[in-house]
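Read the structure below first, then the notes.
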Amino acid sequence: MVVAGDDALAHRLATELRGVYGEQVTLVVPPAQRSVRPPVVGRTRATALFDRVSAAVNRASGNGDSAGTRTLEPPGSERLLEAPELTEAMLADAGVERAAALALVYDDDETNIRAALTARRLNPRIRLVLRLYNRRLGQHIEALLDQASALAAAGAAADAAAAGVDSGVEAFDASTTVLSDADTAAPALAATAVAGTSKVVQTDGLMLRAVERPPPGPGEVADPGLCTLALLSATTNDPAGADGSESSGAQGPQLLPDERAVAAATGRGTVVLENVSYSGPELSSGRSVVPFASLLSRRLRWSFAGLVGCVVGLAVASMMVTGEPPLKATYLTLLDLFAINDPAIGQPLGRQILQLFSGLVGLLLLPVLLAAVLEALGTFRSGSALRRPPRGLSGHVVLLGVGKIGTRVLARLRELHIPVVCVEADPEARGLALARRLRVPVVLGDVTQEGVLEAAKIHRAHALLALTSADTMNLEAALYARTVRPDLRVVLRLYDDDFATAVYRTLRAAYPDALTRSRSVSHLAAPAFAGAMMGRQILGTIPVERRVLLFAAVDVGGHPQLEGRTVGEAFRAGAWRVLALDTAAPGERRGGSTSSGSTSDSASGSTSDSASGSTSGSTSGSRSPGLVWDLPSTYVLRPEDRVVLAATRRGLAELLGRRPRERAGA
């Protein structure tokens with residue numbers, strides 16, 4: 001495996017492949033990365049040593065799975081290369097011509113595309129995983145690189161056939177997968193800041209909805225939904241407790257527990273699969289349309305209302321004085337109003353007086369019309385400018401930073417119809433165009449300066465999302481917001497796991513009544529990138545505290561842990577669980593490419609529907625066309641079946657490892 005990148009995602013992805021999947025990894029980074037401390041990912045040294053000793057004991061005693069289950073192997077090796085640019089020579093030095101997969105996760109789209117084109121030419125058989133922010137361009141690049149690989153394979157087969165020899169080329173997976181770390185992490189970040197949201201995995205119109213449920217009260221039985229996906233940390237309500245991770249031990253979250261563990265876990269919250277259905281396309285942000293109510297001020301609207309009342313009154317008086325029918329009386333009144341009627345000479349006195357009053361009302365109408373035109377022009381002109389937070393705004397989310405991640409989070413929050421106020425120091429930030437189009441209020445200024453958060457109405461906000469690329473700036477904003485609102489919900493984007501844990505524990509201890517969460521974008525995105533490099537169709541991921549649960553589409557054939565076993569026998573607690581059976585024809589099966597799958601979060605109604613909306617429809621849609629979600633535990637999995645399963649990172653690595661590695665010296 002070859003990983004090339006220039007930020008935290010490259011380090012975390014390389015560690016994921018090496019520590020979880022046991023792959024040999026070559027990491028290519030710029031020389032500047034030498035001073036950056038790689039993130040702490042995967043198992044600690046003691047845990048890794050314990051796994052090695054356990055694996056050796058199991059091999060010596062012969063206590064393996066009789067059905068052919070492979071034991072997790074020791075982590076693979078890593079080779080580090082430094083290069084200022086990813087040239088063809090550097091790709092050759094990294095071993096792209098012999099590699100099984102290449103991940104290009106540079107922050108610049110152009111760099112990734114150029115390197116992908118070169119790598120596809122050097123090795124048409126290599127599996128490519130690209131990190132691209134531009135979605136539409138990513139679709140075109142994915143089709144182009146896949147077509148190049150198919151033509152190369154067809155050409156090799158044709159040459160072998162012309163020579164009358166067997167090509168000896170086995171079928172290989174040279175697919176191209178385009179992913180975005182922003183799209184993967186944004187839903188989890190958005191959901192953490194909003195009460196009453198549920199975790200949703202969407203791909204090809206398929207929607208899996210999972211919700212966090214609080215611990216049941218005394219004498220109550222927790223509703224497992226379609227199935228229980230995870231048990232939350234036992235220290236969730238402990239101010240000094242850590243946000244559960246893989247190193248939290250028995251007190252941490254438990255992924256894919258069995259029925260006995262669920263029954264014994266009293267006082268723990270759960271994450272359950274609640275609903276499965278097909279959904280339409282995601283809500284589009286639409287074009288910026290100036291609402292009619294904002295064209296005219298309230299004072300001007302009242303002025304128009306008064307003029308209309310005067311016209312109606314004059315028309316009624318004219319009808320009573322002249323005896324004309326209502327339509328003609330109104331017409332004559334309007335002619336007098338606009339001074340285009342003949343003078344009422346020789347007509348009754350009442351008619352002459354009404355004509356004078358109509359002319360006076362017409363004089364009052366001219367300045368009102370001029371003011372309306374000027375206000376409308378000013379409204380359309382300011383429609384392309386950034387809005388300021390309106391007076392009386394409350395219950396909103398303050399979004400700090402509208403870069404790549406912040407832009408995606410902003411779009412997700414607006415899809416959920418959640419009010420947002422953005423704070424950005426760079427007037428040229430990419431997310432400001434989206435904020436302007438969606439008419440989202442923006443405060444331009446450095447959050448470290450006094451008065452910036454106050455301008456964003458932080459004292460009346462519901463939550464703060466600090467998503468800048470600077471850990472210290474996010475921390476400073478969170479600490480200052482805590483002094484203004486001690487009970488404010490805060491979500492921090494922090495790079496370093498140790499630093500994030502320390503910040504989380506301190507804030508929880510100092511403000512026990514407030515919700516604090518720390519999230520790492522690379523931590524949320526790395527499992528999806530690693531799964532794509534392994535050639536797995538990862539439908540999506542959901543975060544469970546500081547752990548990640550994966551959803552994947554898997555062919556049963558070739559996996560002894562699944563083939564020939566019942567659904568109940570194939571379930572392995574803490575590793576994987578079969579959720580559904582895909583009964584569609586092979587060419588019509590859903591969840592095809594990894595690029596189409598993304599994790600999103602939606603609210604169960606408005607923001608006020610916090611708890612009541614999360615329990616509705618617990619079993620609706622349990623059957624969808626082509627997918628059977630309520631499989632009996634006695635159903636025997638056949639080699640031609642394809643299933644959707646939930647798995648942990650290590651469980652998926654064990655189940656779908658590419659090949660067993662030989663021990664050194666064997």
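Residue numbers start at 1 and run along the sequence shown. Side chains are part of it too, since the values below use all heavy atoms of this structure and drop only hydrogens, waters and symmetry mates.
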(request) Report the C-alpha separation of Glu563 and Arg638 in whole Å, then their side-chain angles, then the decisive distance to 0.1 Å, and conclude whether the salt bridge (Lys or Arg N to Asp or Glu O under 4.0 Å) test is met. (result) CA-CA 6 Å; Glu563 186 176 346; Arg638 301 168 298 175; over 6 Å; no

(message) Would Leu27 and Glu78 count as a side-chain contact (heavy atoms from CB on, under 4.5 Å) here? Give the steps.
(response) CA-CA 7 Å; Leu27 178 61; Glu78 179 176 314; 3.7 Å; yes

(request) Show your reasoning for whether side-chain contact (heavy atoms from CB on, under 4.5 Å) applies to Phe551 and Leu652. (result) CA-CA 10 Å; Phe551 293 89; Leu652 190 65; over 6 Å; no

(request) In sequence, state the C-alpha distance, the side-chain angles, and the governing distance for Phe529 and Leu9, and then conclude on side-chain contact (heavy atoms from CB on, under 4.5 Å). (result) CA-CA 9 Å; Phe529 279 80; Leu9 181 58; 4.1 Å; yes

(request) Check step by step if side-chain contact (heavy atoms from CB on, under 4.5 Å) holds for Leu232 and Val271. (result) CA-CA 7 Å; Leu232 298 179; Val271 178; 3.8 Å; yes

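For the atom pair OG1 of Thr648 and CZ of Arg572, the computed distance is 10.0 Å after rounding to the nearest 0.5 Å. Separation of atoms CG (Leu645) and CG (Leu562) is listed at 7.0 Å; rounding is to 0.5 Å. Annotation: the span from Asp183 atom CG to Ile405 atom CD1 amounts to 8.5 Å, rounded to 0.5 Å. In this structure, CD on Gln254 lies 9.0 Å from CZ on Arg547, to the nearest 0.5 angstrom.
Val554 places none of its side-chain heavy atoms less than 4.5 Å from the side chain of Val556. At least one side-chain heavy atom of Val578 sits under 4.5 Å from a side-chain heavy atom of Leu637. Counting heavy atoms from C-beta outward, Leu179 and Thr177 have side chains that approach closer than 4.5 Å. Between Val409 and Leu465, some side-chain heavy-atom pair lies under the 4.5 Å cut-off. A 4.5 Å side-chain heavy-atom check between Gln24 and Met1 finds every atom pair outside the cut-off. Proximity of Gln139 to Glu142: side-chain heavy atoms (C-beta onward) are nowhere separated by under 4.5 Å. In this structure the side chain of Arg577 never reaches within 4.5 angstrom of the side chain of Leu229, judged on heavy atoms.
Between Leu579 and Cys227, the shortest heavy-atom contact is CD2-SG, 3.7 Å. Scanning all heavy atoms of the two residues, the minimum distance from Tyr21 to Ala530 falls at CE1-CB, 3.9 Å. A pairwise comparison of heavy atoms in Met533 and Leu17 identifies SD-CD1, 3.4 Å as the closest pair. Nearest heavy-atom pair across Arg565 and Ala570 is CB-N, 4.4 Å. Closest non-hydrogen pair, Leu231 versus Pro257, comes out as CG-CG, 3.8 Å. Summarising the geometry of Ala230 relative to Leu255, their closest heavy-atom pair is CB-CD2, 3.7 Å, with the distance given to 0.1 Å.
Counting only distance, with no hydrogens or angles, the side chain of Glu569 and the backbone of Thr566 share a donor-acceptor pair below 3.5 Å. Side-chain N or O atoms of Asp146 include one that pairs as donor or acceptor with a backbone N or O of Thr176 at under 3.5 Å. Judged by distance alone, the side chain of Asn474 and the main-chain N or O of Arg493 form a donor-acceptor pair under 3.5 Å. Side chain of Trp576 to backbone of Leu256: no donor-acceptor contact under 3.5 angstrom is found. Between the Ser180 side chain and the Ala182 main chain, a donor and an acceptor come within less than 3.5 Å of each other.
Between Arg18 and Glu23 there is no salt bridge, since no side-chain nitrogen of the basic residue lies less than 4.0 Å from a carboxylate oxygen of the acidic one. With salt bridges taken as basic N to acidic carboxylate O contacts below 4.0 Å, one links Arg131 and Asp7.
For the pair Arg408 and Tyr133, the cation-pi criterion (under 6.0 Å, within 45° of the ring axis) is fulfilled.
Leu524 pairs by the side-chain contact (heavy atoms from CB on, under 4.5 Å) definition with Ala185, Ala188, Pro543, not counting sequence neighbours.
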